[in-house]
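Would you mind keeping the following structure in view while I ask a few things?
Whatever order the structure lists them in is the order used to number ligands and atoms, beginning at 1.
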Amino acid sequence: MSDPVTLRREGAIAVITVDNPPVNALKHAVRAGLQKLFKEADADASVQAIVLACAGRTFIAGADITEFGKPPMAPSLIEAITDIDNVSKPTVAAIHGTALGGGLEVALGCNYRVASKDAKLGLPEIKLGLIPGAGGTQRLPRLIGIDKALPIILSGNPISASQALQDGLVDEIIEGDLTAGAIAFAKRLASEQLSLKRASRMEDKLTEFRKNPEKFNEVAAKAVGRNKGLKAPMAAVEAVKMTLSVPFEEAIKRERNMFIELLVTDESKSQRHAFFAEREATKVLDMPADTKSREVKQAAVIGGGTMGGGIAMCFANAGIPVTLIETTDEFLKNGLAKIRTNYENTAKRGGMSEADVEKRMSLIKGAVGLEGTKDADMVIEAVFEEMGLKKEIFGKLDKITKKGAILATNTSTLDVNEIANSTSRPQDVIGMHFFSPANIMKLLEIVRGEKSAFDAIQTAITVGRKIAKVPVVVGVCYGFVGNRMLHRRGVQADRLVLEGALPQEVDAATLEFGFPMGPFAMGDLAGIDVGWRIRRARGERNEVADTLAEAGRFGQKTGKGYYIYEKGSRTPIPDPEVEKIILDASAKKGIKRRPISKQEIIERTVYPMINEGARILEEGIASRPGDIDVIWLYGYGWPVWRGGPMHYADTVGLKHVRDRLAHHAKELGDKSLEPAKLLDRLANEGKTFASLASEMKKAS
Ligand SMILES: NC(=O)c1ccc[n+]([C@@H]2O[C@H](COP(=O)([O-])OP(=O)(O)OC[C@H]3O[C@@H](n4cnc5c(N)ncnc54)[C@H](O)[C@@H]3O)[C@@H](O)[C@H]2O)c1
């Protein structure tokens with residue numbers, strides 16, 4: 001293998017180039033090469049300045065995370081960066097693509113940074129439950145100030161080159177050839193013989209905070225936001241705080257130790273699991289590797305209601321022209337108006353410019369009638385949830401749409417195979433299940449029908465990514481993966497309330513677990529009337545929910561549901577009237593209410609979801625436990641530091657989950673809580689869902 005780091009000369013400038021495709025990750029050979037060549041260039045009297053550049057599509061995009069957890073190999077990244085920092089000549093990092101994590105830390109070890117204008121710079125470690133571990137928490141605040149550095153470190157989000165220039169993280173934006181620009185920059189430095197600018201020795205940006213520690217706490221609290229109490233954000237704040245009082249060399253050692261301590265936390269393990277699971281979720285095990293996507297240049301969405309409007313926005317946001325189709329001019333006008341209002345609200349909040357609103361609206365055309373789908377390469381149907389109507393529409397689409405167009409349905413509950421069979425081209429039919437609000441929620445369940453062609457699946461994945469979704473391929477069953485599992489939680493939440501808990505207790509335990517919202521607050525948001533109408537049609541009854549609905553308490557939209565909402569507020573306030581309705585419901589059903597612990601609430605709401613996840617795996621509806629985790633992380637706000645339901649089950653132990661489910665099933669005489677076969681087997685064999693994932697991979 002050729003050397004991943006090389007040195008060449010451009011007159012008096014040494015150009016060190018990293019070439020380690022695909023993203024120039026900092027594997028051992030890269031660290032060693034950097035250390036060796038910077039030293040070599042420093043020792044060469046004819047070199048006046050050094051440029052660090054990268055080949056390929058990006059600057060160093062980060063550490064090699066496959067090396068995490070393996071025995072460390074010298075030089076460590078800290079050692080390599082320290083040696084770069086100690087070079088006695090001007091050093092310039094030339095950044096294109098993304099300088100992330102360890103990559104940015106290397107750039108911070110140089111005296112100057114120049115960047116191409118579309119470059120992005122960031123420290124994403126926090127997203128893996130870690131902190132920058134090679135000086136990032138020390139050099140960045142010293143270079144750009146604590147108030148600017150903390151949000152970068154604590155959000156993990158990259159900033160643009162122009163923002164970096166404003167912040168002082170980048171010294172110049174280079175138009176045209178980056179390396180040539182960086183060499184010219186280095187030549188200027190050499191000729192002007194300026195003193196070296198080492199972030200590690202800079203103190204001036206810290207003085208204000210040293211004088212006023214209260215200000216540090218304020219800035220830190222703001223940057224931490226909702227992540228208070230999580231280990232990595234707390235460690236990041238502590239690390240940055242060291243810049244105020246701990247000498248740089250000592251602080252670097254402590255930062256490293258904090259990084260190592262975080263590596264073994266459940267939080268970080270969960271976040272790293274989520275990271276890899278997301279990348280795996282679109283790998284369809286039986287799909288030939290050379291499967292190509294069909295081209296999608298034009299889309300159509302049928303139905304301009306809640307979902308259709310949001311889906312059309314996703315296409316417009318990605319620059320793909322889309323036709324929104326309704327049954328009448330009036331409905332169409334309403335649908336388009338809602339989309340415009342949505343964009344304008346974003347513009348009002350400063351999220352986009354007025355010009356952007358117009359640009360996106362210009363990509364959304366309206367049409368009445370299905371003829372409007374005839375030029376589309378992908379059609380997404382989002383009409384009422386009625387099988388008869390959907391079959392009629394797909395039958396017509398079969399006659400109207402182009403050969404090879406993807407015909408997708410956004411159904412939540414209907415059988416995608418039955419819909420596909422109402423056409424003469426079931427191979428082109430697929431489910432694309434968006435989540436509400438469709439323009440915001442990241443999850444996209446791609447429902448593979450029994451006849452869906454591989455290239456149709458691949459197209460749905462590619463388009464899903466293009467419109468900024470996280471696609472996960474699943475099979476056909478009632479509710480698919482996410483809602484099928486959610487249903488199990490809902491059943492138990494309702495029972496808990498009848499047995500003795502109050503909605504606010506169930507919601508509080510759920511919030512404490514890490515969800516952004518509890519099941520009852522979620523019910524109020526979605527509307528209690530939706531389920532009530534469905535149950536009425538089926539002759540079923542949910543005592544509490546239906547009594548609320550009958551009293552006109554539909555949830556947030558009527559200002560009252562399981563909670564009361566003050567005008568204009570979304571904050572749920574517990575209501576004694578609801579407590580009375582609940583007590584009456586228990587009495588009516590002859591249930592003697594009892595105190596219910598937080599632990600029972602979690603075991604009864606979270607474990608049944610895991611159990612259903614196991615059944616979903618048994619049936620092959622999901623291909624990997626990680627896929628289920630991704631669905632819950634992106635579709636339902638599962639806390640990322642708990643990794644998703646299946647990963648979480650592994651952390652508490654499958655035997656424990658199985659035993660507690662069996663216990664509750666027996667105590668309550670509730671057969672739906674009996675452990676799934678797969679869960680039982682894995683628990684008996686002392687295995688985990690992660691080990692099952694490896695078994696499944698080997699078998700494929
Ligand atoms: N609302 C959700 O949270 C959600 C989430 C995921 C999936 N879904 C699914 O998405 C679909 C749409 O749900 P929704 O909540 O947007 O419903 P909705 O009632 O808000 O909108 C449906 C729209 O379809 C239009 N429509 C009906 N027949 C039509 C036809 N023949 N041609 C063109 N337009 C027609 C209606 O005029 C209406 O505007 C359903 O299948 C639903 O199960 C809904």
Query raised in the report: With backbone taken as N, CA, C and O and side chain as the heavy atoms from C-beta onward, which portion of Thr413 lies under 4.0 Å from ligand 1: side chain, backbone, both, or neither?
Result: neither
Query raised in the report: By number and element, which atoms of ligand 1 are closer than 4.0 Å to a non-hydrogen atom of Ile325?
Result: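 Counting from 1, the qualifying ligand atoms are 33 (C), 34 (N).
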Query raised in the report: Got a sec, which pairs hit salt bridge (Lys or Arg N to Asp or Glu O under 4.0 Å) with one end in residues 299-322, sequence neighbours left out?
Result: none
Query raised in the report: Looking only at heavy atoms of Glu381, does any of them come nearer than 4.0 Å to an atom of ligand 1?
Result: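 Distance cut 4.0 Å: Glu381 fails for ligand 1.
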Query raised in the report: Which class fits the ring pair Phe515 and Trp632: parallel under 30°, tilted 30 to 60°, perpendicular over 60°?
Result: perpendicular
Query raised in the report: Would you find a donor on one side and an acceptor on the other, under 3.5 Å apart, between the side chain of Arg425 and the backbone of Asp398?
Result: yes
Query raised in the report: After noting the C-alpha distance and the side-chain angles of Tyr636 and Asn483, does the key distance pass the side chain to side chain donor-acceptor pair (under 3.5 Å) rule?
Result: CA-CA 9 Å; Tyr636 302 85; Asn483 286 343; 2.7 Å; yes
Report summary line: shortest atom 8 (N) of ligand 1-to-protein heavy-atom contact is with Ser412 OG, 3.1 Å
Query raised in the report: Given that the side chain starts at C-beta and the backbone is N, CA, C, O, which of these parts of Phe435 lies under 4.0 Å from ligand 1, counting heavy atoms, or is it both or neither?
Result: neither
Report task. Would you mind checking which non-hydrogen protein atom is closest to atom 19 (O) of ligand 1, with the distance to 0.1 Å? Result -> Phe384 CE2, 3.3 Å
**Report entry** Proximal ligand 1 atoms for Lys390, defined as those under 4.0 Å from one of its heavy atoms
**Finding:**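 Near Lys390, the atoms of ligand 1 are 40 (C), 41 (O).
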Query raised in the report: Only one of Lys297, Arg294, Lys402 forms a side chain to side chain donor-acceptor pair (under 3.5 Å) with Asp377, so which one is it?
Result: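 When side chain to side chain donor-acceptor pair (under 3.5 Å) is applied between Asp377 and each of Lys297, Arg294, Lys402, only Lys402 qualifies.
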Requested in this report: Starting from atom 10 (O) of ligand 1, find the nearest protein heavy-atom neighbour and note its residue, name and distance.
Outcome: Asn410 ND2, 2.9 Å
**Report entry** Arg279 side-chain N/O to Phe275 backbone N/O, donor-acceptor pair under 3.5 Å
**Finding:**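 Here the side-chain-to-backbone pair exists.
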Report task. Check whether the side chains of Asn157 and Lys127 place a donor and an acceptor atom closer than 3.5 Å, and report yes or no. Result ->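 Checked: Asn157/Lys127 side chains pair up, N/O donor to acceptor below 3.5 Å.
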Requested in this report: Would you give the length of the straight line joining atom NZ of Lys348 to atom OG1 of Thr341, rounded to the nearest 0.5 angstrom?
Outcome: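 Here the rounded value is 8.0 Å.
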Using atom types as modelled, flag every donor-acceptor pair under 3.5 Å from a side chain in residues 429-442 to any protein atom, sequence neighbours excluded.
residue	atom	partner	partner atom	Å
His433	ND1	Glu445	OE1	3.0
Lys442	NZ	Ala468	O	3.1

Query raised in the report: Passes side-chain contact (heavy atoms from CB on, under 4.5 Å), Asp629 versus Phe689? Steps please.
Result: CA-CA 11 Å; Asp629 290 334; Phe689 285 118; over 6 Å; no
Query raised in the report: Quick one: nearest non-hydrogen protein atom to atom 30 (C) of ligand 1, plus distance?
Result: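 Result for atom 30 (C) of ligand 1: Thr327 CG2, 3.3 Å.
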Query raised in the report: Thr510 and Arg489: side-chain donor and acceptor closer than 3.5 Å?
Result: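 No.
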Query - Ligand-residue contact atoms, ligand 1 with Ser436, heavy atoms, under 4.0 Å - result: 3 (O)
Query raised in the report: Can you list the atoms of ligand 1 that are under 4.0 Å from a heavy atom of Phe331?
Result: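 Counting from 1, the qualifying ligand atoms are 37 (O).
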Query - Nearest-neighbour protein heavy atom for atom 38 (C) of ligand 1, which is reported as residue plus atom name and distance - result: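 Atom 38 (C) of ligand 1 sits closest to the protein heavy atom Glu326 OE2, 3.4 Å.
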Query raised in the report: Has ligand 1 got any nitrogen or oxygen that is less than 3.5 angstrom from a nitrogen or oxygen of Thr411?
Result: no
Requested in this report: Please check atom 3 (O) of ligand 1 for a protein heavy-atom neighbour under 4.0 Å.
Outcome: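 When distances to the protein are checked, atom 3 (O) of ligand 1 has a heavy atom within 4.0 Å.
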**Report entry** Phe434-ligand 1 polar pair, N/O distance under 3.5 Å
**Finding:**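 There is no such contact.
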Query raised in the report: What protein heavy atom sits nearest atom 21 (O) of ligand 1, and how far away is it?
Result: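 Residue, atom and distance for the closest contact: Gly305 CA, 3.3 Å.
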Query - Numbered atoms of ligand 1 (with element) below 4.0 Å of Ile393, judged on heavy atoms - result: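 Within the 4.0 Å cut-off of Ile393, ligand 1 contributes 30 (C), 31 (N).
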Query raised in the report: Can you tell me which residue and heavy atom of the protein come closest to atom 33 (C) of ligand 1, and the distance to 0.1 Å?
Result: Ile302 CG2, 3.5 Å
Requested in this report: Answer side chain, backbone, both or neither: which part of Leu389 comes under 4.0 Å from ligand 1, heavy atoms only.
Outcome: side chain
Query raised in the report: Do Glu499 and Ser586 meet the criterion of a side-chain donor-acceptor pair at a distance under 3.5 Å?
Result: no
Requested in this report: Note the single closest protein heavy atom to atom 44 (C) of ligand 1, along with its residue, its atom name and the distance in Å.
Outcome: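 Sorting protein heavy atoms by distance from atom 44 (C) of ligand 1 puts Met307 CG, 3.3 Å first.
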Requested in this report: Determine whether any heavy atom of His433 lies closer than 4.0 Å to an atom of ligand 1.
Outcome: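 Contact check His433 vs ligand 1: positive.
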